[in-house]
Each structure stands twice: as C-alpha cells, then as structure tokens.
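These notes concern the structure reproduced below.
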Amino acid sequence: MTRTAPIVQLEAISKHYGPLQVLDAVELEVFPAEVVCIIGPSGSGKSTLLRCVNHLERPDGGVVRLNGEIVGVRESRGQLVEVAPAELARQRTEIGMVFQSFNLFGHMTVLENIIEAPIQVLGTPRAEAKAHARQLLEWVRLEGKEDTYPRQLSGGQQQRAAIARALAMRPKVMLFDEPTSALDPETVGEVLSVMRRLASEGLTMIVVTHEIDFAREVADRVAFMDGGRIVEMGPPEQVLDAPTQERTRKFLSRIL
Ligand code: ADP
Ligand code: MG
C-alpha cells in the first residue's frame, strides 16, 4: 500500500526567545484533508508552532516542509539561509492563516480585503478576483456584506470574512490560531460551523483551539502541547477521553 505524502512536515522544530526554549524539537506530519487540532495550556508554544509553519517565526532548529519543499529557508554551502522575500511570499500563498484577533484591513471594505492578495500577489484579474470573493462571501454566509467595513461587523462576521480572505488564495493548508477565543459566545458557533464545513470539504487544517467539543467532532488527530513539546497525540477519542499522560489529564480536567 502506498502512503500519501504529508502536506506539512515539521522536522525537529525548535525555537528559543533568549534563554526561554519555547519549542523543543517538535515533530508533526499533517496529511491531505486531515484536521489536526492542537490543544494545551497558555504559553505551551502553540502559537509559536503555528507561526513557524508559514515562517512568521523562523525556527532556530529544524525545518518545515510544505509538499516536500522547505519553507522560508534554503541550503547554501551547508547552511540554511533565508529565501528571497518574493520566494517566501510565493510559499505563503499556499498557507492560509486566521488569527485570534480578526486582522482585517480596517480601511478596506470586506470585498477589498478579500481581493487584495489575489490581485497583488497572484496577479488575478480584478473581475475574476471579485467573482471569486463573492462566491466565498456566500460560502461563509456574508452575502450582502461586501461593501461593509470591518468595524461595522460583529466579531463572528469579521472572523468569517477573515476566513474568506484566507481562502481567496486557494491555500493548500489553513492554520487557525484560536479563531473563536476573542468572540462573543453567541458568535462562536457560526465560525465553528464554517470551519466544520471546510473540514468536510477536505481542506487540510491545523487548528489551535480550546473548543474541545469541536476538536472531538472534527479533528482526525488531537495534539496536546505542554512546555514546547507535543506530549501526546492521537485520535480525539484517545487523547480527549482516555489520555495516557498525566499532564493531558490535568489540562482537560481544568478546562472541561
Ligand atoms: P501559546 O500560544 O501556547 O499560549 P506561545 O507560542 O504564544 O504559547 O508562547 C510560548 C512562550 O513563548 C510563552 O512563554 C511566551 O511568553 C513566549 N513568547 C512568545 N512569543 C515571544 C516573543 N516574541 N518574545 C519573547 N517571548 C515570546
Ligand atoms: Mg497562542
């Protein structure tokens, strides 16, 4: 049997901030159409790990591969050197990211937010970018909001617009960093429901979340992080309902 190649491979990713080791040789492979949820206490390195995937942070050990290609750096005379900005921008088009704080451009309408990168980075003709943006807005149930400015939207609507903006680049993988943590409780569900639909469409996703019910239902695998390491990883029913590690049990008993 041939095994599908992973889309994302983290190979011994380490990161320090001064003396603080935030990531300690983290290994993770994510396969096509897989949803991996990362849970763990605050400060355990979840955001840093996600930011290493698209090279918003440069790991100081290890490499990230996307479809086999190293992200952000290349080998030159036995050393890893940063790739050119245009090369990194090209690599990043394949990795969509949605943050906790909806970071839409405040001075642009929803539609302008969505078409900006496809036009500027991919060179998509404006009319085509607009047509795609309208489809995406419908898909995240924001039809009719294209001329609205972000501040006029609820948190949940802004986050759905941010998801549409990321999808406009037709990414191969989507990273979500606690996408519902900053939302009013009544709008959390609408964002999770969009994410659930993305997962069922076969999009590859890495989701840092405290929404354990979402992880249980949507994740193919759950990784529990603590102290810069993946302490435990497996199917949700294993990690969430029958964890083998004491640290996982403690964490879950605190948040459930
Ligand atoms: P999590 O997302 O799991 O809460 P983070 O990845 O944000 O964890 O942070 C992990 C650790 O790294 C924390 O102790 C945090 O204070 C520290 N950290 C994160 N970013 C920086 C930075 N830019 N400079 C210094 N320390 C940082
Ligand atoms: Mg974080």
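Each ligand, and each atom within it, is numbered from 1 in the order the structure gives.
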Between [X] and [Y], does at least one N-O distance fall below 4.0 Å, as a salt bridge requires?
X: Arg216; Y: Asp241; answer: yes
X: Glu11; Y: Arg65; answer: yes
X: Arg90; Y: Glu69; answer: yes

Give me the residue, atom name and distance of the protein heavy atom closest to [atom].
atom: atom 19 (C) of ligand 1; result: Tyr17 CE1, 3.4 Å
atom: atom 3 (O) of ligand 1; result: Lys46 NZ, 2.8 Å
atom: atom 4 (O) of ligand 1; result: Gly43 N, 2.7 Å
atom: atom 12 (O) of ligand 1; result: Val22 CG2, 3.2 Å
atom: atom 8 (O) of ligand 1; result: Gly45 N, 3.2 Å

Under 4.0 Å from a heavy atom of [X]: which atoms of ligand 1 are those, numbered in the order shown and with their elements?
X: Ser47; answer: 1 (P), 2 (O), 6 (O), 7 (O)
X: Thr48; answer: 5 (P), 6 (O), 9 (O)
X: Pro41; answer: 3 (O)

Handout entry: Pi-cation contact, Phe99 with Arg51 (under 6.0 Å, within 45°)
Key =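 No, cation not above the ring by the 6.0 Å, 45° rule.
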
Practice task
Kindly confirm or rule out a cation-pi arrangement of Arg151 over Tyr149, judged by NZ or CZ under 6.0 Å from the six-membered ring centre and within 45° of its axis?
Solution key: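 Geometry flag: set, cation within 6.0 Å and 45°.
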
Problem - Between Arg92 and Asn54, a side-chain donor and acceptor under 3.5 Å - result: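 No.
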
Practice task
State yes or no: do Ile114 and Met97 share one hydrophobic cluster built from I, L, V, M, F, W and Y residues joined by side-chain heavy-atom distances below 4.5 Å, directly or via other members?
Solution key: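 As far as the 4.5 Å side-chain criterion goes, Met97 and Ile114 are not connected within one cluster.
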
Practice task
Answer with yes or no whether Gly40 contacts ligand 1, where contact means a heavy atom under 4.0 Å from a ligand atom.
Solution key: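 Checking ligand 1 against Gly40, which is what was asked, there is no heavy-atom contact under 4.0 Å.
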
Problem - N, O or S atom of Gln100 closer to the Mg ion (ligand 2) than 2.8 Å - result: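 Under 2.8 Å: Gln100 has no N, O or S contact with the Mg ion (ligand 2).
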
Exercise for the section: Ignoring hydrogens, tell whether any protein atom lies closer than 4.0 Å to atom 14 (O) of ligand 1; use the non-hydrogen atoms only. Expected result: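 Yes, there is a protein heavy atom closer to it than 4.0 Å.
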
Practice task
Would you kindly specify which portion of Leu20 sits under 4.0 Å from ligand 1, judged on non-hydrogen atoms: side chain, backbone, both or neither?
Solution key: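 For Leu20, only side-chain atoms sit under 4.0 Å from ligand 1.
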
Problem - Leu203 and its side chain to side chain contact (heavy atoms under 4.5 Å, CB included) partner, picked from Val173, Val35, Leu167 - result: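 Among Val173, Val35, Leu167, the one meeting side chain to side chain contact (heavy atoms under 4.5 Å, CB included) with Leu203 is Leu167.
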
